[in-house]
2 protein chains.
Amino acid sequence: MPAIKDVARRAGVSVATVSRVLNDHPSVRADTRERVLAAVADLGYRPNAVARSLRTDQTRTLGLVISDVLNPFFTELARSVEDAARELDYSVVIGNADERPDLQDHHVRTLMDRRIDGLLVSPTDGGSPMMLAAARAGTPMVFVDRWIEDEGLDRVPVIRTDGRGAIRALVAHLCALGHRRVAIIAGPAATTTGRERVDAFRSALREFGLELHEDHIGQGTSRPPAAAG
Amino acid sequence: MPAIKDVARRAGVSVATVSRVLNDHPSVRADTRERVLAAVADLGYRPNAVARSLRTDQTRTLGLVISDVLNPFFTELARSVEDAARELDYSVVIGNADERPDLQDHHVRTLMDRRIDGLLVSPTDGGSPMMLAAARAGTPMVFVDRWIEDEGLDRVPVIRTDGRGAIRALVAHLCALGHRRVAIIAGPAATTTGRERVDAFRSALREFGLELHEDHIGQGTSRPPAAAG
DNA sequence: TTGTATGCGTTATCAC
DNA sequence: GTGATAACGCATACAA
């Protein structure tokens, strides 16, 4: 794999000049630029992102730690995040915590070792030591879908859906339709989203004067049955 | 974020010594090791993987380019790959090609720029220029689930299921049950797996003397309906 | 056993 | 406009 010095040699210029055309710095004569570009082309040269990151102190990489890859919601989320990131010339590295705090920390640690520029996390219930420490230490971080309310975490932005509003709207709709016995199957209770929904459900029933049966509150997983590739 | 020199200073040793205990090199006195470890601990030092990669020329990272993240098969695959890799202290970076050759190449390029140690690819139909070039150039690569038969690619290992055998077994089973009109819904025709299955289906029908209706060969997607997070 | 010095591939600062 | 060269954080060959 050719390095910048190979390109320089072939183009008959210094590595500095090659670097300049690569980062399209203004001060480089048109014809030298051409020569460099030609050398790049026929050497099939590609800048070493590792070296570049070491030097510039940025990796153009985002970490995304999700709680469950097998949940289609998160797989769609991952896809959207990657789409948006790619648009800005960022890569995203996904870590699957599988609802396990220790695994979540493993990924946070690995990603930080790799010096990612920022971290998106849909935290497992209660968070995990390393991830909380990173957040408090000011690591660029955003919570997605789920969140954690704890000291020192108020500066971590949260991107999420309005579960409470959604549940209320659903109950309102069913109520307007004349239904009086409504039930809910929410996600795992060990998630902020799951709890929020059940809680909102109780509130909504109360608000609309519907009777609440405790056994009308169910809990499910968010995973689909398996498929074939 | 502390660097190795900070640890060295704090432990009163040289960076070389710190590096040695970090990579548990044998020749380092027990008590100095302790001192270094202590310094590491209370500085919360973590080796910079970027710098380490540049120096050692290995990233302990695998690239996994799949054709469709929204297909649960690939999401399970990704999960398994990551599990196995983690066991060996490797990370895996996933790229979603979304069945688009250009996107596939984008990911191959990005991953190679990042100097990943190896590439797992479930190629889109017909492959893509950069990915084929990489394979021919000897980039450590293995095909998963799907594959490509082309010149210079015979040294790329393929990990896949025995779709042909599976279809034959299915038809045999149905036939033994006395069924005479069997149909198939295979995956996208633009995949090796999809074509293999339809092909095997035809063969099996012939073998078992069943009549083949062309309109009994359907084609579907492998995506589940959406779910909530 | 430990320290000094070099180099990995870049970018950026300084000369010219 | 272009070229030496230092520095990024680390691992290692060589000296001591």
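The chains referred to below are lettered A, B, ... by the order of the sequence lines, with proteins before strands, and numbering in each begins at 1.
Rounded to whole Å, atom P of C/dT10 lies 16 Å from atom CD of A/Q58. Rounded to whole Å, atom P of C/dG3 lies 8 Å from atom CZ of B/R35. The distance between atom CD of A/E34 and atom P of D/dG1, rounded to the nearest whole Å, is 15 Å. Rounded to an integer number of Å, the gap from A/H25 NE2 to C/dT13 C1' is 11 Å. Atoms CZ (A/R60) and C1' (C/dT10) sit 16 Å apart, rounded to a whole Å. As a whole-Å value, the separation of B/L54 CG from D/dA11 P is 11 Å. Rounded to whole Å, the distance from CG on B/L22 to C1' on D/dT12 is 14 Å. Between the C1' atom of D/dC8 and the CG atom of A/N48 lies a distance of 13 Å, rounded to the nearest Å.
One finds no side-chain N or O of B/K5 lying less than 4.0 angstrom from the OP1 or OP2 phosphate oxygen of D/dC10. In this model, the phosphate group of D/dT2 is approached by a side-chain N or O of A/T32 to a distance below 4.0 Å at OP1 or OP2. Residue A/T17 has a polar side-chain atom (N or O) positioned under 4.0 Å from OP1 or OP2 of D/dG3.
A salt bridge links B/E196 and B/R160; the closest N-O separation between the charged side-chain nitrogens and carboxylate oxygens is under 4.0 Å. Using a cutoff of 4.0 Å between basic side-chain nitrogens and carboxylate oxygens, A/D68 and A/R100 are not scored as salt-bridged.
Under 3.5 Å, the side chains of B/S91 and A/R114 contain a donor-acceptor pair of N or O atoms. Residues A/T59 and A/S53 have side chains that never bring a donor and an acceptor to within less than 3.5 angstrom of each other. A side-chain donor from one of A/S128 and A/D105 sits under 3.5 Å from a side-chain acceptor of the other.
Across all strands, B/D57 comes closer than 4.0 Å to no nucleic acid atom at all (heavy-atom distances).
Scanning atom types as modelled, no donor and acceptor separated by under 3.5 angstrom connect the side chain of B/R55 and the base of C/dG9. The base of D/dG3 is paired with the side chain of A/R20 by a donor and an acceptor separated by under 3.5 Å.
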